Student: 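I am attaching a structure below and will ask some questions about it afterwards.
Computed from heavy atoms alone, side chains included, the values below leave out hydrogens, waters and symmetry copies. Please read these numbers as outputs of a predicted model, since none were measured by experiment.
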Amino acid sequence: MSQTATSADQAQSTPPTPSTKKKQPSRATTRIVVTIGFILIAALVIFLFLSPPAPDARPTSLGFSFNSFFQWIGNMGPIVQIPIVLVLFGVVVGILLLLIEYAPRKGAGYFWLRLISCFAIPVLAFMMLRPYQNAVIYVLLIALIAGGLLFYADLRAREGAGYLYQLTLFMAPAAILILIGLIYPSIATIIQSFYDKTGENFVGLENYEWAFTNPQGFWSIINTLIWAIFAPIFATVVGLAYAAFMERSRGDRFLKILVFIPFAIAPVSISLIWKFVYDYRQGEQIGILNALVVAFGGEPVRWLDVWPLVNTFCLLFAFVWAQTGFAMVVLSAAIKAVPAEQMEAAQLDGTTAWQRFVNVTVPGIRTAIVIVLTTITISSLKLYDIVAVMTGGRSNSTVLGFEMVNQQQRFQSYGHAAALAVLIFVFVTPLIIYNVRQLRRQREVR
């Protein structure tokens with residue numbers, strides 16, 4: 001009992017050890033600081049674009065820049081260019097991998113490595129773009145604030161210092177490519193759509209008014225909507241019919257290859273093939289369609305010039321002919337994935353083949369049908385080749401994709417072309433949103 005009492009007294013006399021658990025940084029504070037930093041960057045960008053340009057301002061570089069590099073390598077032969085590009089690509093990838101590997105480690109040296117790289121990389125990247133002398137201050141401030149935000153957010157990350165830094169380095173190459181190749185051109189196109197054909201005078205919504213009132217712009221919108229409605233429906237229905245009938249036929253693989261071949265042909269070749277089908281001439285007919293018309297005692301028809309809508313549907317059938325193979329392959333694979341137990345249960349209930357197809361097969365491949373419909377719809381919205389080769393947009397057969405290129409290259413009207421490009425984006429966006437929602441629902445079900 002004396003030992004028990006002694007141990008109890010020692011436990012009471014020993015002070016409790018303080019908790020060694022590190023206090024997690026406040027996310028609210030980090031968000032406030034990062035938000036303020038992004039507001040400052042946005043303000044600097046706005047001031048940079050609104051500042052009056054100096055006519056005699058010269059670009060400032062570090063002695064080398066992206067522009068000078070491309071000029072230097074452009075003067076060399078292709079055989080020399082390839083190894084240089086590969087070596088530089090390997091050096092950049094090697095530096096990124098080294099930073100990703102060593103920067104997240106603990107220690108004063110790795111701390112300084114993260115700190116220096118967070119500021120040095122943005123500054124070097126921005127300065128290699130050769131900013132003009134009157135913009136160097138803005139560029140340096142933007143780079144320093146961006147580097148400071150990365151270092152601060154990384155230092156206060158709950159996963160530990162180096163986690164956010166490593167994640168940023170992983171995402172940086174893809175994010176830069178998306179920014180340069182997608183986001184920046186999209187923003188520039190939207191801005192351009194509010195300027196005249198020269199891109200110098202602001203005209204507001206005049207280009208969009210032209211798109212809905214001018215015959216070329218108006219019929220390009222109407223025809224595009226017709227393509228977006230009928231082309232995916234026709235291609236999906238025919239492709240589904242092919243997929244359903246070929247499942248029980250002999251030599252189905254060979255038949256599927258035949259149906260899929262048009263999808264593998266270049267759109268220009270498809271256009272030339274169907275242009276011969278619709279060919280019109282006096283005397284002996286070489287076009288299959290007019291040859292049949294003449295054989296039955298009729299007169300040859302200018303199929304690609306008959307308006308309204310006849311020439312549009314003639315072009316549409318060529319597109320459907322090509323897309324049917326894609327629809328058939330996707331839907332055939334989906335049909336094979338339908339559980340055989342469901343088909344057997346429906347057959348035991350005394351249903352007919354058509355009832356099993358409508359009530360079992362089609363609901364089972366609903367996701368594949370949606371994917372095929374949206375994919376073909378997006379392809380029809382950005383169509384160019386078939387219209388350009390077969391009609392050149394004459395007889396009101398133009399579509400948005402063709403008219404956009406036509407306005408830019410033929411008429412040098414960049415404002416009209418940009419407005420038509422924005423309309424294509426507006427038509428495509430709901431389809432993308434719908435697809436994303438469908439994918440999320442599938443994941444939730446799984």
Side-chain angles (χ1 to χ4, degrees), residues 19-48 60-67 69 85-131 135-187 436:
S19 177
T20 58
K21 186 177 181 180
K22 185 179 179 181
K23 184 179 179 181
Q24 294 291 340
S26 174
R27 289 190 175 182
T29 305
T30 305
R31 290 174 181 172
I32 292 173
V33 173
V34 172
T35 303
I36 294 174
F38 277 113
I39 293 174
L40 290 175
I41 292 176
L44 289 171
V45 171
I46 294 173
F47 289 143
L48 173 62
T60 303
S61 67
L62 301 172
F64 60 94
S65 63
F66 291 116
N67 189 25
F69 168 74
V85 172
L86 291 177
V87 169
L88 290 177
F89 178 77
V91 170
V92 173
V93 172
I95 293 173
L96 289 177
L97 292 178
L98 286 175
L99 291 175
I100 290 171
E101 175 65 24
Y102 290 105
R105 299 184 181 184
K106 297 181 180 180
Y110 300 112
F111 170 84
W112 287 105
L113 177 62
R114 291 195 299 271
L115 178 62
I116 294 173
S117 60
C118 280
F119 287 96
I121 292 177
V123 170
L124 289 175
F126 277 95
M127 290 303 295
M128 287 185 68
L129 296 174
R130 287 203 320 165
V136 173
I137 301 300
Y138 291 105
V139 168
L140 289 178
L141 287 175
I142 292 172
L144 292 175
I145 293 175
L149 287 178
L150 174 59
F151 181 77
Y152 176 79
D154 175 69
L155 190 65
R156 294 175 61 87
R158 293 197 172 186
E159 294 83 358
Y163 172 80
L164 186 60
Y165 177 89
Q166 190 180 53
L167 182 63
T168 303
L169 288 181
F170 267 121
M171 296 176 58
I176 291 173
L177 291 176
I178 292 175
L179 179 65
I180 296 175
L182 181 62
I183 297 177
Y184 172 75
S186 300
I187 296 174
V436 171

Student: Name the atoms and distances for all side-chain donor-acceptor pairs under 3.5 Å in residues 169-185, with sequence neighbours left out.
Tutor:
none

Student: What's the separation between atom OH in Tyr165 and atom CG in Leu155, rounded to the nearest 0.5 Å?
Tutor: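 Rounded to the nearest 0.5 Å, the OH-CG separation comes to 13.5 Å.
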Student: Which heavy-atom pair separates Gly147 from Phe119 by the least distance, and what is that distance?
Tutor: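 Scanning both residues completely, I find the closest heavy atoms to be C-CE2, 4.2 Å.
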Student: Residues two or more places apart in sequence or in another chain: which of them pass ring pair (Phe, Tyr, Trp, His ring centres under 6.0 Å) with Phe66?
Tutor: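 If we apply the ring pair (Phe, Tyr, Trp, His ring centres under 6.0 Å) test to Phe66, skipping adjacent residues, there are no hits.
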Student: Could you give the side-chain donor-acceptor pairs of residues 94-110 under 3.5 Å, partners two or more places apart or in another chain?
Tutor:
{"residue": "Glu101", "atom": "OE2", "partner": "Arg105", "partner atom": "NH2", "Å": "2.9"}

Student: Ala143: what forms a side-chain contact (heavy atoms from CB on, under 4.5 Å) with it, not counting sequence neighbours?
Tutor: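 Expected list: Pro122, Val123, Phe126.
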Student: Could you report the tightest heavy-atom contact between Ile145 and Gly37, atom names first, then the distance?
Tutor: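 Heavy-atom minimum between the residues: CG2-O, 3.8 Å.
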Student: Not counting sequence neighbours, which residues clear ring pair (Phe, Tyr, Trp, His ring centres under 6.0 Å) with Tyr152? List them please.
Tutor: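 By the ring pair (Phe, Tyr, Trp, His ring centres under 6.0 Å) rule, Tyr152 matches no residue at all.
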Student: Test of understanding: with side-chain contact (heavy atoms from CB on, under 4.5 Å), list the residues that count as partners of Leu141, not counting sequence neighbours.
Tutor: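 For Leu141, the residues satisfying side-chain contact (heavy atoms from CB on, under 4.5 Å) (neighbours in sequence not counted) are Leu44, Ile137.
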Student: Nearest 0.5 Å, please: how far is CG in Leu150 from OG in Ser117?
Tutor: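 That separation rounds to 8.0 Å.
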Student: Would you mind listing every salt bridge (charged side-chain N to carboxylate O under 4.0 Å, His left out) that reaches into residues 111-128, with sequence neighbours excluded?
Tutor: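 Non-adjacent pairs meeting salt bridge (charged side-chain N to carboxylate O under 4.0 Å, His left out): Arg114-Asp154.
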Student: List for me each residue that meets side-chain hydrogen bond (donor to acceptor under 3.5 Å, both in side chains) alongside Arg31, sequence neighbours excluded, and say none if there are none.
Tutor: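 Counting only residues at least two positions away or on another chain, Arg31 forms no side-chain hydrogen bond (donor to acceptor under 3.5 Å, both in side chains).
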Student: Strictly by salt bridge (charged side-chain N to carboxylate O under 4.0 Å, His left out), give each pair with a member in residues 172-187 just once, sequence neighbours left out.
Tutor: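 The answer is none; no pair qualifies.
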Student: Using the test side-chain contact (heavy atoms from CB on, under 4.5 Å), find all partners of Ile46 that sit at least two apart in sequence or belong to another chain.
Tutor: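 For Ile46, the residues satisfying side-chain contact (heavy atoms from CB on, under 4.5 Å) (neighbours in sequence not counted) are Leu50.
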Student: If the condition is side-chain contact (heavy atoms from CB on, under 4.5 Å), which residues does Thr35 pass it with, not counting sequence neighbours?
Tutor: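 For Thr35 the side-chain contact (heavy atoms from CB on, under 4.5 Å) partners, ignoring immediate neighbours, are Ile39.
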Student: Are any of the side-chain heavy atoms of Leu149 and Ile41 separated by less than 4.5 Å?
Tutor: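 When only atoms from C-beta onward are counted, Ile41 and Leu149 do touch, with a gap below 4.5 Å.
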Student: Are any of the side-chain heavy atoms of Arg156 and Thr29 separated by less than 4.5 Å?
Tutor: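 Heavy-atom side-chain distance check passes, below 4.5 Å.
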Student: Looking at residues at least two apart in the chain, or sitting in another chain, which of them share a side-chain hydrogen bond (donor to acceptor under 3.5 Å, both in side chains) with Tyr138?
Tutor: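 With neighbours one apart ignored, the set is empty.
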